**Student:** 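Sharing a structure here in structure tokens format.
Each chain gets a letter, A, B and so on, in the order its sequence line appears, and its residues count up from 1. A quick note: this is a predicted structure, and the numbers were derived from the prediction, not measured. Any value given below was found using the heavy atoms of this structure, including those in side chains, with hydrogens, waters and symmetry copies removed.
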Amino acid sequence: MKKFSLKTVKGFNEVLPPESFRWRVVEEKFRELLEGYGFAELRLALLEPTELFARSIGDETDIVEKEMYTFCDRSDRSLTLRPEGTASVVRAYNQYSLGKLNEINKLYYVGPMFRYERPQKGRFRQFHQLGAEVFGEAGFYQDAETLVMLAQFFHELEIKGVVLQLNSLGCENCRPAFRERLQAFLKQRLDALCGDCRRRLDENPLRALDCKNPQCREAVADAPLISESWCTDCREHFAGLRSLLEDVGLEYEVNPKLVRGLDYYTRTTFEFLAGELGAQNAVAAGGRYDRLVEELGGKPTPAFGFAIGFERLMLLVDAGIAPLPRPFAALIALDEEALRLLFPVHVNLNRGVRMTTLGFQQKSLKSQLKKADKDGVEFALIVGSEERARQEAVCRNMKTREQFNLPFVRLEEALRELYDECRRSS
RNA sequence: GUGGGUGUAGCUCAGUUGGUUAGAGCGCAGGAUUGUGGCUCCUGAGGCCGAGGGUUCGAAUCCCUCUACUCACCCCA
């Protein structure tokens, strides 16, 4: 490998053709689906005041503690490249009083996020998320609609083997009691816990529940479950969601130890897991966060949201889902005069559709046909001195090898007709 | 932050116990056919063998350091 001194920063992910075409197709499907459900796009700042993330995601989370790209600008303000989207959406919701424009707000976003972690499969420092948030709906119908919509997205992309896991973290009324119970339980088993879990015992004991450390897993195997502490409202919310999902036939697993790494979640939390992804197996995740809008200075507003990891999603999407765009015909000029003749035809045909290619270097007919074949065109239109004498181009069907003549005066028209004919028959 | 693996052509990789001028496939360019693609054949371009140091008569090969990439831990989408 050649050594270049100028290259991308470690973990900063770039998307090159032909992969970029596939990204576009998948992103377009996401937009169509979301907009069909009444979501509107939000294009937000990538850089935010650091305190926004500290207050929303939580001071004690790994993201805030050690994964943020934080720096001071020239006026010594602490800024952070967004590590996730929800905080910014909520900030915007409050800043622009979006709740006053519509009672219900359904918003989505697409774009890069930044976390300073060691890159590995399905994980980068700059990565991309497709995300959405709904504000103003407290009931479980909203949870169910969003989950079904996500399942439909995976179905449209023909992704198999994605499993939905569900849990409920309770609410401000019942979670504190559970926290204390869990803390008491964990304190009895302090010796069995890993350093991280011990450290988080006071601030965020719930995290011990989904710690991957084998010893911790064993220690919390018979820990009290949050479901035992749910208040009536939380119990009804979760039961309502489950029965709705069953009504529409969306399969799921309840995972009572599913705890999200961000502090703002209440009640429903979920992950869509894909075994193919290896260690980073969550392709989408999210949940309900009924307190966050208020905590960031807005009016009390219930909310539900999710994010999909774009890179991880693309690892699951079969290449066949997004065929590469192919030009329809190759215009082949064998000399300078032919090139001048074909150039206007070329530029007139390629508006909005990839109709033609035209080589400017007047290479041999053979090499131009070879190129046309590689491009996968349907027809090759050849113009050289013989054709100019006749005022007719040779048009070659690349599949059947049949050739016929097209008068110069109606080249554009004839190519359009051929194109329409091909599209009808395919 | 902690481990493991790997760096040889644009890509995927061979390269024997250390031994002359470092190879293949694919891709790219040209030709076999003075103007007809896919198959075949021929030719060509393209390498500081990741970098630096050491051992040796001699290093892609052995040793050390660094670096990049990668997988995993942690955590997350």
**Student:** Hey, does A:A372 reach any base, or is it just sugar-phosphate, or nothing, if we go heavy atoms under 4.0 Å?
**Tutor:**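 The residue A:A372 makes no contact with any strand.
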**Student:** Using the C1' atom in both, what is the distance from B:G27 to B:U70, to the nearest Å?
**Tutor:**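 Each nucleotide's C1' atom is 24 Å from the other's.
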**Student:** State, without any angle test, whether A:T268 and A:D143 hold a side-chain donor-acceptor pair at a distance under 3.5 Å.
**Tutor:** yes
**Student:** Can you tell me how far C1' of B:C75 sits from CD of A:E271, to the nearest Å?
**Tutor:** 12 Å
**Student:** Just how far is it from atom CZ of A:F238 to atom CG of A:L169, taken to the nearest 0.5 Å?
**Tutor:**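 These two atoms lie 9.5 Å from each other.
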**Student:** Nearest-Å distance, NZ (A:K121) to P (B:A77)?
**Tutor:**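 Rounding to the nearest Å, NZ of A:K121 and P of B:A77 are 19 Å apart.
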**Student:** Need to verify one output field. Residue with the more 5' nearest nucleotide on RNA chain B, A:G122 or A:R118?
**Tutor:** A:R118
**Student:** Near A:E218 CD, under 6.0 Å, is it more than 12 heavy atoms from other residues, nucleotides or ligands?
**Tutor:** no
**Student:** Atom CD of A:Q362 to atom P of B:G35: distance rounded to whole Å?
**Tutor:**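 For the pair A:Q362 CD and B:G35 P, the rounded distance is 13 Å.
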**Student:** Output the rounded distance in Å from CD1 (A:I57) to C1' (B:C75).
**Tutor:**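 Roughly 13 Å, once rounded to whole Å.
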**Student:** Rounding to an integer number of angstrom, what distance separates B:C62 and B:G15 when you compare their P atoms?
**Tutor:** 12 Å
**Student:** If you measure from CD1 on A:I159 to CG on A:D318, what distance do you get to the nearest 0.5 Å?
**Tutor:**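 Spacing of CD1 (A:I159) from CG (A:D318) equals 10.0 Å.
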**Student:** Between A:K66 (NZ) and B:C73 (C1'), how many Å, whole number?
**Tutor:** 11 Å
**Student:** Do the side-chain N or O atoms of A:Q129 get closer than 4.0 angstrom to the phosphate oxygens (OP1, OP2) of B:A77?
**Tutor:** no
**Student:** Please state the P separation for the pair B:U55 and B:U12 - nearest whole angstrom.
**Tutor:**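 Result for the P pair: 35 Å, nearest Å.
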**Student:** What residues, two or more places apart in sequence or in another chain, satisfy salt bridge (charged side-chain N to carboxylate O under 4.0 Å, His left out) together with A:R125?
**Tutor:** none
**Student:** Under 3.5 Å, which donor-acceptor pairs do the side chains of residues 304-317 of chain A form with other protein atoms, sequence neighbours left out?
**Tutor:**
from	atom 1	to	atom 2	distance (Å)
A:E311	OE1	A:H128	N	2.9
A:E311	OE2	A:N13	ND2	2.7
A:E311	OE2	A:H128	N	3.3
A:E311	OE2	A:H128	ND1	2.8
A:R312	NE	A:G122	O	2.7
A:R312	NH1	A:A282	O	2.9
A:R312	NH2	A:G122	O	3.3

**Student:** Can you tell me, in whole Å, how much space there is between the P of B:U8 and that of B:C69?
**Tutor:** 14 Å
**Student:** Hey, do the aromatic rings of A:F272 and A:F154 have their centres closer than 6.0 Å?
**Tutor:** yes
**Student:** Taking the C1' atom of each, how far is B:A9 from B:G46, in whole Å?
**Tutor:** 6 Å
**Student:** Where along residues 392-412 of chain A does a heavy atom fall under 4.0 Å from RNA chain B?
**Tutor:** A:R396, A:M398, A:R401, A:Q403
**Student:** Contacts to RNA chain B from residues 25-42 of chain A, heavy-atom cutoff under 4.0 Å, which residues?
**Tutor:**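 Per residue number, the list is empty: none.
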**Student:** Could you tell me how far apart A:K371 (NZ) and B:G38 (C1') are, to the nearest whole angstrom?
**Tutor:** 15 Å
**Student:** Any luck finding a side-chain donor-acceptor pair between A:S364 and A:Q368 under 3.5 Å?
**Tutor:**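 Short answer, no.
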**Student:** I need the full list of ring-ring contact (aromatic ring centres under 6.0 Å, His included) pairs touching residues 186-216 of chain A, with sequence neighbours left out, sorted by first then second residue.
**Tutor:** none
**Student:** Tabulate below the donor-acceptor pairs under 3.5 Å that side-chain atoms of residues 62-70 of chain A make, not counting sequence neighbours, or state none.
**Tutor:**
from	atom 1	to	atom 2	distance (Å)
A:T70	OG1	A:T80	OG1	2.8

**Student:** What residues, two or more places apart in sequence or in another chain, satisfy salt bridge (charged side-chain N to carboxylate O under 4.0 Å, His left out) together with A:K371?
**Tutor:** A:D375
**Student:** Check the pair A:Y93, A:E133 against side chain to side chain donor-acceptor pair (under 3.5 Å), reporting the backbone distance first and the verdict last.
**Tutor:** CA-CA 10 Å; A:Y93 181 83; A:E133 320 288 345; over 6 Å; no
**Student:** Which residue, A:R123 or A:K10, contacts RNA chain B at a nucleotide closer to its 5' end, judged by nearest heavy atom?
**Tutor:** A:K10
**Student:** How long is the gap from CZ on A:R175 to OH on A:Y265, to the nearest 0.5 Å?
**Tutor:** 11.5 Å
**Student:** Just jot down the salt bridge (charged side-chain N to carboxylate O under 4.0 Å, His left out) partners of A:R423, sequence neighbours excluded, or say none.
**Tutor:**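 A:R423 satisfies salt bridge (charged side-chain N to carboxylate O under 4.0 Å, His left out) with no residue once adjacent residues are dropped.
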**Student:** With heavy atoms under 4.0 Å as the rule, sort A:F124 into base, sugar-phosphate or nothing.
**Tutor:** base
**Student:** Figure out the CZ/P separation between A:F12 and B:C69, and round it to whole Å.
**Tutor:** 12 Å
**Student:** Please state the P separation for the pair B:A24 and B:C64 - nearest whole angstrom.
**Tutor:**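 Nearest-Å result for B:A24 against B:C64 at atom P: 33 Å.
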**Student:** Looking only at atom P, what distance separates B:U16 and B:G23, rounded to whole Å?
**Tutor:** 14 Å
**Student:** Write down the distance separating the C1' atoms in B:A22 and B:G47, rounded off to the nearest Å.
**Tutor:**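 Rounded to whole Å, the distance is 9 Å.
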**Student:** Under 3.5 Å, is there a donor on one side chain and an acceptor on the other for A:Q165 and A:E271?
**Tutor:**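 Checked: A:Q165/A:E271 side chains show no N/O donor-acceptor pair below 3.5 Å.
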**Student:** Look at the side chain of A:K363 and decide which nucleotide, out of B:C71, B:G30, B:U36, has an atom nearest to it.
**Tutor:** B:G30
**Student:** Let me confirm one number: the CG-CG distance from A:L209 to A:L182, rounded to the nearest 0.5 Å.
**Tutor:** 5.0 Å
**Student:** Stacking here means centres under 5.5 Å and planes under 30°; does A:F127 stack on B:A77?
**Tutor:** yes
**Student:** Tell me which residues in residues 380-391 of chain A lie within less than 4.0 Å of RNA chain B, going by non-hydrogen atoms.
**Tutor:**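 Heavy-atom contacts with RNA chain B come from A:I382, A:G384, A:S385, A:E386, A:E387.
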**Student:** Given pairs defined as Watson-Crick or G-U wobble with both distances under 3.5 Å, what dot-bracket annotation applies to RNA chain B, with ( ) intrastrand, [ ] crossing, | other strand and . unpaired?
**Tutor:** (((((((..((((.....[...)))).(((((.......))))).....(((((..]....))))))))))))....
**Student:** What's touching nucleotides 32-34 of chain B from the protein side, N or O pairs under 3.5 Å?
**Tutor:**
from	atom 1	to	atom 2	distance (Å)
B:A32	N7	A:K366	NZ	3.3

**Student:** What are the two closest heavy atoms between A:P119 and A:G11, and how far apart are they?
**Tutor:** CG-CA, 3.9 Å
**Student:** If I take atom CG in residue A:D373 and atom P in nucleotide B:U40, what distance separates them, rounded to the nearest angstrom?
**Tutor:**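 Going from CG in A:D373 over to P in B:U40 covers 13 Å.
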**Student:** Mind checking what makes salt bridge (charged side-chain N to carboxylate O under 4.0 Å, His left out) contact with A:D335, not counting sequence neighbours?
**Tutor:** A:R388
